[in-house]
Amino acid sequence: MDPSNGDLYTLEANLANRALRELTDGADKDPITKLRLLCLSRGATGILGMGRAFRAMDDDGSKALNEEEFISGIRDIGLDVTDDEIKQMFNAFDEDGSGSINMTEFLLKLRPPMSQSRISIIDQAFNKMDKNGDGVITLADLKNVYSVKEHPKYQSGEMTEDEILTEFLHNFEGGRGNLDGKITREEFINYYATISASIDNDMYFDLMMRRAYVM
């Protein structure tokens with residue numbers, strides 16, 4: 001596996017620029033589309049960052065957010081929206097009118113839609129990384145499948161193996177939240193769902209994943 005693969009950075013930049021253009025094109029957008037574009041305009045970690053911010057506020061562990069928590073979460077992330085727009089977003093996600101949103105359902109709706117073939121290849125990559133099958137990728141798992149020998153900063157002595165692997169893990173965790181050095185399957189899929197949004201061709205996405213994870 002090649003951690004110095006620059007393709008993702010280019011895709012991410014293109015995706016963020018495209019999302020910004022769509023946000024400012026003047027066309028009417030439903031609240032869920034607008035929130036998705038706001039997240040995508042921050043690159044691959046936008047949706048991840050939101051998931052982490054909301055989890056941090058779930059004090060009672062119910063995995064549900066009320067309107068107050070939702071507004072607080074959007075504000076915490078710093079998205080440029082009005083209070084009225086946040087309320088419209090909340091109501092769009094609160095389909096049954098119960099006054100709360102299930103976080104898993106929320107993230108599923110928020111992330112860009114993907115074909116089954118793409119979800120399948122992402123799952124295969126996660127399973128390959130998760131050596132002990134506990135549903136979480138850690139530094140120990142990575143050391144078995146992720147070679148840093150070709151990484152320019154490893155070759156130059158700027159970074160150690162652990163530093164490079166930890167940085168890789170943090171990519172999946174979003175810019176905020178508890179950088180605990182663990183990637184859940186949901187975080188892994190959300191990250192690649194965002195990358196997927198910038199790739200139109202299923203075969204190219206499949207090839208990119210197989211190259212990255214040597215499958």
* Please test Glu95 against Lys109 for salt bridge (Lys or Arg N to Asp or Glu O under 4.0 Å), starting from the C-alpha separation and ending with a verdict. => CA-CA 12 Å; Glu95 288 181 335; Lys109 277 188 196 159; 3.1 Å; yes

* Any donor-acceptor N/O pair, Thr166 side chain to Asp162 backbone, under 3.5 Å -> yes

* **Ser156 vs Glu158, side chain to side chain donor-acceptor pair (under 3.5 Å): CA-CA, chis, key distance, verdict** => CA-CA 6 Å; Ser156 69; Glu158 282 178 70; 3.1 Å; yes

* Asked: Are the side chain of Asp130 and the backbone N or O of Asp134 linked by a donor-acceptor pair below 3.5 Å?
  -> yes

* Asked: Have Ser98 and Asp96 got a donor and an acceptor in their side chains that come within less than 3.5 Å?
  -> yes

* For Lys143 against Leu165, the heavy-atom pair lying closest together -> CG-CD1, 3.5 Å

* Side-chain heavy-atom pair Asp141, Val136 within 4.5 angstrom cut-off -> no

* Asked: Is Leu40 close to Glu22 at the side-chain level, that is, under 4.5 Å between some pair of heavy atoms?
  -> no

* Asked: What are the two closest heavy atoms between Leu35 and Ile74, and how far apart are they?
  -> CD1-CD1, 3.8 Å

* Can you say whether the rings of Phe93 and Phe70 are parallel (under 30°), tilted (30 to 60°) or perpendicular (over 60°)? -> tilted

* Does Arg75 pair with Asp83 as a salt bridge, N-O distance under 4.0 Å? -> yes

* Does Asp206 reach the side chain of Met203, with side-chain heavy atoms less than 4.5 Å apart? -> no

